[in-house]
S.K.: 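Let me begin by handing over the structure; questions about it come next.
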Protein chains: 2
Amino acid sequence: MTDTGTLPTATTTTSTRRLRTGQLRTGIAADRDSGSVMSADELAGDLHGVAERRLRRVDQRYTSGRRAIVELLVSARHPVSISDIAEHLPDLPRSSAYRHLTDLQAAGLIRRVAASDEFTRFELAEDLTEHHHHLLCVNCGKVTDVTPPAGFEHQVAGAVSDLAAAQGFQPQSHRLDILGLCADCHER
Amino acid sequence: MTDTGTLPTATTTTSTRRLRTGQLRTGIAADRDSGSVMSADELAGDLHGVAERRLRRVDQRYTSGRRAIVELLVSARHPVSISDIAEHLPDLPRSSAYRHLTDLQAAGLIRRVAASDEFTRFELAEDLTEHHHHLLCVNCGKVTDVTPPAGFEHQVAGAVSDLAAAQGFQPQSHRLDILGLCADCHER
DNA sequence: TGTAGTCTGAGACTGAGTCTCAGTGCAAGC
DNA sequence: GCTTGCACTGAGACTCAGTCTCAGACTACA
Ligand SMILES: [Mn+2]
Ligand SMILES: [Mn+2]
Ligand SMILES: [Zn+2]
Ligand SMILES: [Zn+2]
């Protein structure tokens, strides 16, 4: 009932390798769009540098617990719930996990994802991955990422501006959720 | 902090006038689209008939408590929270209000709206109003309805089908939320 | 080293939302 | 009108995701 799909087993990579602190770009994803395919490792490497800097900006450290959560979000192929975290990081107390999630969000590294069930999910911030949307299964709660074509996103961006402007509303971002039945729940 | 905007004072209309049970159409909104403007009263009148029938379909009655909530949702110009209900229907116990909300949703009369804060809101089901989206203020939590032009909705519907099909996902509905600052929170 | 500030685990706490239960209301049939 | 079966209701206990507190541990930096 609370099956959120498979998740790669938590890689206990304790490699403390640290990258040279290049220019802080607002978006690793730019590299992807420009054609160069980053491996999971390269992305993760760069990501940890960004994470450390963004945390430091708010006088926070990139500790092992926080890093473990970030690595879990990187390796997961979909937004993760608190129970996913508990399952894959059993030695991380819940209170710490929740606090880390709050802190990581405050540092702009992760964001909350509202699913169709009662459980909040978390994923890397969009400027660390790429803008995308979600398929929400109304039966099992599973959340799947989907990336619409750029042309569609331009349409959406335009409509969002128009709708917001008409109400004196200052838009910051949008989210498009598609509700329905996932493949598993469908064939039943 | 939890100010959700103004709401018309709860009309204690106890008129038990009941409409002839015309054909049950799947969508009062059709009347609107076809040009005829329904007054709030006409809409409400028709609506109560639909409400009664849909509840009866699941062996439930359209009682005064449930009707009071429906009327509040009709008169409100935006999705209402449980505290809105408590404020405008002070004699309705919370446990009953929650139960009514659950029952009304099960009967397909209302739907939940996820805001940017922790509080769930409720509004009439889309086939009783019209398909629309929401502006979510990330500062005060206010939720405002917005209706995009039909052309845009067609674009969205097409993209939704494509995205879902690629994943074996069976789409039922979608929601587009625009996050940002409302007019009040903006000028600050 | 010393010190100031951050981090952490344990567990108490909060509060939106659910559940239980005993009593009440409501319709349909006799 | 009375009976009988359900649905409805209020009160309050309960659940549990998420937050807060606090004392001790850790880190950065001088
Ligand atoms: Mn989008
Ligand atoms: Mn839409
Ligand atoms: Zn599913
Ligand atoms: Zn606001």
Side-chain angles (χ1 to χ4, degrees), chain A residues 1-2 4 16 18 21 51-70 79-87 89-107 109-122 141 143, chain B residues 1-2 4 14 16 18 51-70 79-87 89-107 109-122 141 143:
Chain A
M1 201 50 70
T2 323
T4 41
T16 333
R18 202 136 293 176
T21 355
E52 188 170 5
R53 270 169 267 133
R54 289 197 189 172
L55 280 166
R56 195 170 290 170
R57 202 185 296 167
V58 286
D59 294 307
Q60 302 270 293
R61 301 177 198 140
Y62 193 37
T63 60
S64 64
R66 291 167 180 175
R67 183 179 181 115
I69 288 180
V70 168
V80 306
S81 64
I82 189 69
S83 60
D84 291 332
I85 294 174
E87 181 183 342
L89 302 171
D91 292 335
L92 184 64
R94 294 222 159 192
S95 61
S96 296
Y98 274 118
R99 184 172 33 213
H100 290 151
L101 291 169
T102 302
D103 294 343
L104 290 170
Q105 185 181 31
L109 289 165
I110 70 175
R111 71 166 176 177
R112 285 169 192 266
V113 175
S116 66
D117 58 19
E118 72 198 292
F119 303 109
T120 301
R121 268 92 169 163
F122 297 87
V143 179
Chain B
M1 200 50 71
T2 323
T4 40
T14 5
T16 333
R18 203 138 291 175
E52 188 171 4
R53 267 169 269 134
R54 289 198 189 170
L55 280 166
R56 195 169 289 170
R57 201 184 296 165
V58 286
D59 294 306
Q60 303 272 292
R61 302 176 198 140
Y62 193 36
T63 59
S64 63
R66 291 167 180 175
R67 184 180 181 115
I69 288 180
V70 169
V80 306
S81 64
I82 189 68
S83 59
D84 290 333
I85 294 174
E87 181 183 343
L89 301 171
D91 292 336
L92 184 65
R94 294 221 158 194
S95 60
S96 296
Y98 275 118
R99 185 172 31 212
H100 289 150
L101 291 168
T102 302
D103 295 341
L104 290 170
Q105 185 181 32
L109 289 166
I110 69 174
R111 71 165 176 177
R112 286 169 192 265
V113 175
S116 65
D117 58 19
E118 74 199 288
F119 304 107
T120 302
R121 268 93 168 162
F122 298 86
V143 180

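Below, chains carry the letters A, B, ... as their sequence lines are ordered, and counting in each starts from 1.
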S.K.: Starting at atom CG of A:Leu92, determine the distance to atom P of C:dA10, rounded to an integer number of angstrom.
M.R.: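 After rounding, the reported distance stands at 11 Å.
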S.K.: Taking the side chain as C-beta and beyond, is there a heavy-atom pair between B:Thr120 and B:Ile82 under 4.5 Å?
M.R.: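 The answer is no; the side chains never approach within 4.5 Å.
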S.K.: Could you check whether any side-chain N or O of B:Asp84 sits under 3.5 Å from a backbone N or O of B:Ser81, counting only pairs where one atom can act as donor and the other as acceptor?
M.R.: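 Side chain of B:Asp84 to backbone of B:Ser81, a donor-acceptor pair under 3.5 Å: yes, one is there.
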S.K.: Between C:dC7 and A:His100, is there an OP1 or OP2 to side-chain N/O distance shorter than 4.0 Å?
M.R.: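 No, outside the criterion.
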S.K.: Give the minimum heavy-atom separation between A:Gly141 and A:Asp117, together with the two atoms involved.
M.R.: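 Between these two residues, the closest heavy atoms are CA-OD2, 3.6 Å.
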S.K.: Separation of A:Arg67 atom CZ from D:dC26 atom P, in whole Å?
M.R.: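 Roughly 20 Å, once rounded to whole Å.
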S.K.: Which whole-number value in Å describes the distance from A:Tyr62 OH to C:dC7 P?
M.R.: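 Rounded to whole Å, this separation is 14 Å.
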S.K.: Looking at B:Thr63, does any N or O in its side chain come under 4.0 Å of the phosphate oxygens OP1/OP2 on D:dT9?
M.R.: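 Yes, because at least one side-chain N or O of B:Thr63 sits under 4.0 Å from OP1 or OP2 of D:dT9.
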S.K.: Using side-chain heavy atoms (C-beta onward) and a distance below 4.5 Å, is B:His100 in contact with B:Leu92?
M.R.: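 Side-chain contact under 4.5 Å: yes.
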S.K.: Could you measure the distance from the OH atom of A:Tyr62 to the CG atom of A:Leu104? Nearest 0.5 Å is fine.
M.R.: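 Result: 7.5 Å between the selected atoms.
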S.K.: Please tabulate the protein-to-nucleotide N/O contacts below 3.5 Å involving nucleotides 20-25 of chain C, giving atom names and distances.
M.R.:
residue: C:dG25; atom: N2; partner: B:Arg61; partner atom: NH2; Å: 3.2

S.K.: In this structure, how many angstroms lie between the P atom of D:dC8 and the CG atom of B:Asp59, rounded?
M.R.: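 Distance check: B:Asp59 CG to D:dC8 P gives 9 Å.
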S.K.: Could you tell me the separation between the OG1 atom of A:Thr102 and the CZ atom of A:Arg112, rounded to the nearest 0.5 Å?
M.R.: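 It comes to 5.5 Å.
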S.K.: Look at the side chain of A:Ser96 and decide which nucleotide, out of C:dT6, D:dA7, C:dG9, has an atom nearest to it.
M.R.: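 Minimum distance to the A:Ser96 side chain belongs to C:dG9.
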S.K.: Nearest whole angstrom, please: distance from the C1' of D:dG18 to the CG of A:Asp103.
M.R.: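 Taking CG of A:Asp103 and C1' of D:dG18, I get 14 Å after rounding.
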S.K.: What's the spacing between B:Arg111 CZ and B:Phe122 CZ if we round to 0.5 Å?
M.R.: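 Those atoms lie 12.0 Å apart.
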S.K.: If an axis is fit to five pairs at each end of the helix from C:dT1-D:dA30 to C:dC30-D:dG1, what is the angle between the two, to the nearest 10°?
M.R.: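 Roughly 30°, once rounded to the nearest ten degrees.
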S.K.: With rounding to the nearest 0.5 angstrom, report the CG to CD1 distance, B:Leu101 to B:Ile69.
M.R.: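 The CG atom of B:Leu101 sits 4.5 Å away from the CD1 atom of B:Ile69.
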S.K.: For B:Ala86, does its backbone N or O pair with a side-chain atom of B:Arg94 as donor and acceptor, under 3.5 Å?
M.R.: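 No, because the side chain of B:Arg94 does not come within donor-acceptor range (under 3.5 Å) of the backbone of B:Ala86.
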S.K.: Whether B:Arg56 contacts D:dA7 is assessed here as follows: a side-chain N or O lying under 4.0 Å from the phosphate OP1 or OP2. Is that the case?
M.R.: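 False: B:Arg56 side-chain N/O out of range (4.0 Å or more) of D:dA7 OP1/OP2.
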S.K.: When the distance from CD1 of A:Ile69 to P of C:dC7 is rounded to whole Å, what number comes out?
M.R.: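 A:Ile69 atom CD1 is separated from C:dC7 atom P by 13 Å.
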S.K.: Once rounded to the nearest 0.5 Å, what's the spacing between atom CG of B:Leu55 and atom CZ of B:Arg67?
M.R.: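 Atom-to-atom, B:Leu55:CG and B:Arg67:CZ are 12.0 Å apart.
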S.K.: To the nearest 0.5 Å, how far apart are CZ in B:Arg53 and CG in B:Leu109?
M.R.: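 B:Arg53 CZ to B:Leu109 CG: 10.5 Å, rounded to 0.5 Å.
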S.K.: Listing time: all N or O pairs from protein to nucleotides 14-16 of chain C that are below 3.5 Å?
M.R.:
none

S.K.: Would the distance check show the side chain of B:Arg57 and the main-chain N or O of B:Ala107 forming a donor-acceptor pair, the cut-off being under 3.5 Å?
M.R.: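 Not confirmed, B:Arg57 side chain does not pair with B:Ala107 backbone.
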S.K.: Over how many whole Å does the gap from A:Arg121 atom CZ to D:dA17 atom P extend?
M.R.: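 My rounded result for the distance is 12 Å.
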S.K.: Round to the nearest Å and state the distance from B:Leu89 atom CG to D:dT9 atom C1'.
M.R.: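 Answer to the nearest Å: 15 Å.
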